[in-house]
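Taking it in order: structure first as structure tokens, then the write-up.
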Amino acid sequence: GHLTAISTGDLLEEWPDEIDHMPSYYRGREADFWFYLRDIRRLVDTDTPGVIAELKKLRNRRYFDKPVSLYGGIVDLPLLVTREEEVSWFGGNEELTEGRLWAERDAVFKGETGRVAQDLRDNLFGPAIWEQLEPGSRTFLSTAEAVYRARREDPGFDFSAPAVEYAKAIETELNALLFEALHRALSGKPPHEREVRADGRLLDLGGYPPHQSLGTLKYLLDSKDAIVTTALRTVLKQDANWLLGTLPHRLAPIKKLRNPAAHGSSLTRSRLADMRAEILGIGQEGLLVRLARTKLRMGG
């Protein structure tokens, strides 16, 4: 949940415009706390192994900072937990959800997407790689694959929507990987050693920049900027040559399909097939697998 505020006061006085959003069974009752949620995201759906994997990423502060376990590890309620990795669960809404709430998007794609996500984890990527992918990447990928599988025999179907979802999965992974690596290398340095210009905007690479488009990410990798290249070679020694040399060329056709698809151009299944194979790893090492292995080698 995207928590905006917590209150111990009178809901009628503090948030009168939100009364209609309060469940009816609370009306007329006392409550110790009111929580103001701006949005909600679904991380796992009808998938017990997936729930276990997500819980392991949380540390119970009142139980010796041990990972939260579904079986026997949920003690000393209410749970006070931390998460080692910085996660912007609700960042990039304009780029990734077209300004809609994540809750709205999840409601539309719930169902077959959950079954496809389990199939991708169990029969294509494997649990270790799947768990390395960002929750948003898994969501976009599963949505794209569910639509593709359902409509691949329909010659008249416009595949631009799943193309955008596949591209968003790559975009989300790259944002997480590149900006974490750059933050590790550049945090604490003076502004002139950590700031670069991309698409006319100044990005502070020593912090955590907001979500960037696939085009901006490709530009950063392709720019040969000394700040970017030195930082990536420092943190991602084994993968820096691939990231700075090979990856921009592999991103080019995805970016080319992504842009017109995002603006309503029609896309046939045959045009999408190569992009899907490139991302999933059909007959080759997929981009998502390579990016996930890079994150593993980075230690996050």
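All values below were derived from every heavy atom in this structure, side-chain atoms included, with hydrogens, water molecules and symmetry-related copies excluded.
With hydrogens and angles disregarded, no donor-acceptor distance shorter than 3.5 Å links the side chain of Arg297 to the backbone of Gln238. Formation of a donor-acceptor pair under 3.5 Å by the Arg276 side chain with backbone atoms of Tyr148 is not found in this model. Between the Glu104 side chain and the Leu101 main chain, a donor and an acceptor come within less than 3.5 Å of each other. Side-chain atoms of Asp158 come within 3.5 Å of backbone atoms of Leu267 as a donor-acceptor pair (strictly under, hydrogens ignored). A donor-acceptor pair is defined here as one N or O able to donate and one able to accept, closer than 3.5 Å; such a pair exists between the side chain of Asp39 and the backbone of Trp102. Without hydrogens or angle criteria, Arg269 side chain to Arg152 main chain gives a donor-acceptor distance under 3.5 Å. Judged by distance alone, the side chain of Gln212 and the main-chain N or O of Leu217 form no donor-acceptor pair under 3.5 Å.
Closest approach of Phe140 to Ala169, counting heavy atoms only: CB-N, 3.9 Å. Minimum interatomic distance between Arg271 and Ser266 (heavy atoms only, all atoms of both residues): NH1-O, 4.0 Å. Nearest heavy atom pair, residue Ile227 against residue His192, reads CD1-O, 3.7 Å. Smallest separation of non-hydrogen atoms from His183 and Gly207: ND1-O, 3.5 Å.
For Arg41, the CZ atom is densely surrounded, since the number of other residues' heavy atoms within 6.0 Å is greater than 12. By the 6.0 Å contact criterion, OH on Tyr26 is open, its count of non-hydrogen atoms from other residues, nucleotides or ligands being 12 or less. In this structure, Arg38 places its CZ atom where only 12 or fewer heavy-atom neighbours from other residues, nucleotides or ligands lie under 6.0 Å away. Shown here is Glu285, whose CD atom has more than 12 heavy atoms of other residues, nucleotides or ligands within 6.0 Å.
Counting heavy atoms from C-beta outward, Leu287 and Leu247 have side chains that approach closer than 4.5 Å. For the pair Arg62/Pro78, a side-chain contact is recorded, criterion being any heavy-atom separation below 4.5 Å from C-beta on. Looking only at side-chain heavy atoms (C-beta outward), Arg293 and Ile129 come within less than 4.5 Å of each other. Considering only heavy atoms from C-beta on, Thr216 comes within 4.5 Å of Arg201 through its side chain. Under the 4.5 Å side-chain criterion, counting only non-hydrogen atoms from C-beta, Ile282 is not in contact with Leu124.
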Verdict with supporting geometry, Leu272 and Tyr166, side-chain contact (heavy atoms from CB on, under 4.5 Å): CA-CA 10 Å; Leu272 178 60; Tyr166 284 125; 4.0 Å; yes
Worked check of side-chain contact (heavy atoms from CB on, under 4.5 Å) between Leu141 and Trp130: CA-CA 11 Å; Leu141 183 61; Trp130 187 252; 4.0 Å; yes
Worked verdict on Leu251 versus Leu221 for side-chain contact (heavy atoms from CB on, under 4.5 Å): CA-CA 10 Å; Leu251 291 177; Leu221 293 172; 4.3 Å; yes
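Between Phe157 and Phe159, the ring-plane angle classifies as perpendicular under the 30° and 60° cut-offs.
Checking Leu232, Leu244, Leu203 one by one against Leu220, the side chain to side chain contact (heavy atoms under 4.5 Å, CB included) holds for a single residue, Leu203.
For Glu54 and Arg138, the salt-bridge test passes: some basic side-chain N is under 4.0 Å from an acidic carboxylate O. Ion pairing between Lys57 and Glu131 fails under the 4.0 Å rule for side-chain N and carboxylate O. Ion pair Arg290/Glu173 not flagged as a salt bridge, since none of the NZ, NE, NH1 or NH2 atoms sits closer than 4.0 Å to an Asp/Glu carboxylate oxygen.
In this structure, Lys66 fails the cation-pi test against Phe64, since its NZ or CZ atom is not both closer than 6.0 Å to the six-membered ring centre and inside 45 degrees of the ring normal.
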